[in-house]
Amino acid sequence: MTAAPRPAAPGVRHTRTPLGAELRTVLGLVAPVLHRSAARLWQPQDLRARYLRYLVTMHTVIRASVPLMERAQAHCREAPGTDPAARPLGRYLSAHIPRERHHDSWLLRDMEAAGLHLGRELARPPSPEVARLVGAQYYWIDHFHPLCLLGYVAVLELNAPAAPLIPWLADRTGLPPAAFDTLRLHAEIDGGHGTAVLGALDETAPAPQLRAAVRLSALHTVQALADVLNALTDATDRTGRPAEREDHRLDVFPSLKGGGSYGSRREVSCFIADCPPGELR
């Protein structure tokens, strides 16, 4: 016979860590995934070609940001009053959507400044890696809960470009300053966006299943974003063959079911490394 759960001692309350604080811890455990991929991306060899591909690839990602948030916002408006996450999520999205609007247009200007032909680049189909990164969010928003989107947003905002990287890229690529305006603007104005998304998650009181889904969304985003960066690096390798890289995929999804650790501690690759290129943490 299974023993009944032991009741809490008198005067002791079991409190759950706020979701935003929990997610920050989870993402800290898997930060080496993106750090490793970004360090490969910013290696000096063929950096100009890689940065040009990076601009195009990031445009295919960022142009989906506002549509995703508007889709989630629509679900919040339709949510029943008993949904504890819908109202704080709706407040966050109402404030954040205007801040993110037109960022895709910034990237188009950077692409033009870098000498890319916009018509030709926009005619290219987005990569399967980008489709996996972004497309999963449409599924979770429509078929589970829009709060899952904040797992994705948290990964992107907490791994925004580091300001010291920008002059280094400009010097090594020889591209004009206007080709880095989006990186510069993000570094200047987006500093508090990561704190804001985690604060919004802290305001929610989701059921355990929804908390797990937000973690799952974030962990999927980490690995999918690493795949985007790795594919970009491989495609621009000068030798014409994929650059050597270790397979450090996340091994975290089974642990979500058991309620154990939220992420594997083994190194698996930051979106933009804030350490000098070529140095792995």
Side-chain angles (χ1 to χ4, degrees), residues 19-31 33-34 37-38 57-76 85-86 88-97 99-101 103-104 107 126-161 186 190 192-204 206 209-229 249-250 252-253 256 262-263 268-272:
L19 182 53
E22 179 185 284
L23 192 62
R24 184 185 287 277
T25 300
V26 170
L27 294 178
L29 292 174
V30 297
V33 184
L34 290 173
S37 294
T57 301
M58 287 302 105
H59 177 262
T60 64
V61 174
I62 298 305
R63 68 184 175 187
S65 296
V66 170
L68 278 171
M69 290 188 286
E70 289 177 336
R71 197 178 192 95
Q73 188 178 48
H75 280 274
C76 290
L89 174 59
R91 285 196 302 268
Y92 168 80
L93 293 172
S94 294
H96 195 58
I97 287 172
R99 293 195 289 258
E100 296 297 316
R101 203 177 296 281
H103 285 201
D104 54 333
L107 281 162
S127 71
E129 291 82 12
V130 168
R132 285 196 292 271
L133 170 66
V134 176
Q137 297 306 315
Y138 285 100
Y139 184 90
W140 277 314
I141 290 168
D142 283 354
H143 299 291
F144 195 72
H145 196 285
L147 188 65
C148 294
L149 178 63
L150 293 199
Y152 170 88
V153 173
V155 173
L156 298 185
E157 294 291 1
L158 290 171
N159 294 285
H186 271 287
D190 283 6
H193 287 190
T195 300
V197 66
L198 295 178
L201 285 167
D202 283 342
E203 290 183 27
T204 64
Q209 296 89 339
L210 183 51
R211 292 174 70 98
V214 173
R215 294 195 301 266
L216 183 62
S217 171
L219 292 170
H220 169 83
T221 300
V222 169
Q223 186 61 66
L225 182 56
D227 289 344
V228 167
L229 299 183
R249 289 184 170 270
L250 293 174
V252 295
F253 302 123
L256 289 170
Y262 300 118
V268 271
S269 339
C270 210
F271 180 21
I272 300 293

* Structure fact -> Shortest non-hydrogen pair, V197 vs A154, comes out as CG1-CA, 3.8 Å
* Asked: Which heavy atom in A72 sits nearest to a heavy atom in L149, and how many Å separate them?
  -> CB-CD2, 3.9 Å
* Asked: Can you list the residues that meet the side chain to side chain contact (heavy atoms under 4.5 Å, CB included) rule with A218, with sequence neighbours excluded?
  -> L23, L27, V155
* Asked: Hey, does Y92 have a side-chain heavy atom less than 4.5 Å from the side chain of L201?
  -> no
* **By side chain to side chain contact (heavy atoms under 4.5 Å, CB included) - contacts of A85 (at least two apart)** => D83, H145, L147, T204, L210
* Quick one: closest heavy-atom pair of R71 and Y138, and the distance? => CD-CD2, 3.6 Å
* Asked: How far apart are the C-alpha atoms of E157 and L198, what are their side-chain angles, what is the distance that settles it, and do they pass the side chain to side chain contact (heavy atoms under 4.5 Å, CB included) test?
  -> CA-CA 10 Å; E157 294 291 1; L198 295 178; over 6 Å; no
* Spacing of CD1 belonging to I97 relative to CD belonging to Q73, to within rounding of 0.5 Å -> 4.0 Å
* **Stepwise side chain to side chain contact (heavy atoms under 4.5 Å, CB included) test for V61 and L225** => CA-CA 10 Å; V61 174; L225 182 56; 5.9 Å; no
* Structure fact -> Applying ring pair (Phe, Tyr, Trp, His ring centres under 6.0 Å) to Y139 and not counting sequence neighbours gives H143
* R211 versus P206, closest heavy-atom pair with distance -> CG-CG, 3.5 Å
* Asked: Atom CD of E203 and atom CG of L89: how far apart are they, to the nearest 0.5 Å?
  -> 10.5 Å
* To do: Could you list the residues that satisfy side chain to side chain donor-acceptor pair (under 3.5 Å) with T221, not counting sequence neighbours?
  => none
* Contact summary for C148 and Q137, nearest pair of heavy atoms -> O-OE1, 3.6 Å
* Structure fact -> Between the NE2 atom in H186 and the NE2 atom in H103, the distance rounded to the nearest 0.5 Å is 5.0 Å
* How many angstroms lie between CE in M58 and CG in L156, if you round to the nearest 0.5 Å? -> 8.5 Å
* Non-hydrogen atoms of C76 and G90 that approach each other most closely -> SG-N, 3.9 Å
Donor-acceptor pairs are to be reported for all side-chain atoms of residues 63-70 against protein atoms at under 3.5 Å, with residues two or more places apart or in another chain.
residue	atom	partner	partner atom	Å
S65	OG	I62	O	3.3
E70	OE2	R101	NH1	3.3
E70	OE2	R101	NH2	3.4

* Nearest 0.5 Å please: distance from the CG atom of D202 over to the CD atom of E22. => 10.0 Å
* H220 side chain vs Y152 backbone, donor-acceptor pair below 3.5 Å -> no
* To do: State which residues pass side chain to side chain contact (heavy atoms under 4.5 Å, CB included) with S127; sequence neighbours excluded, sorted by chain then number.
  => E129, V130
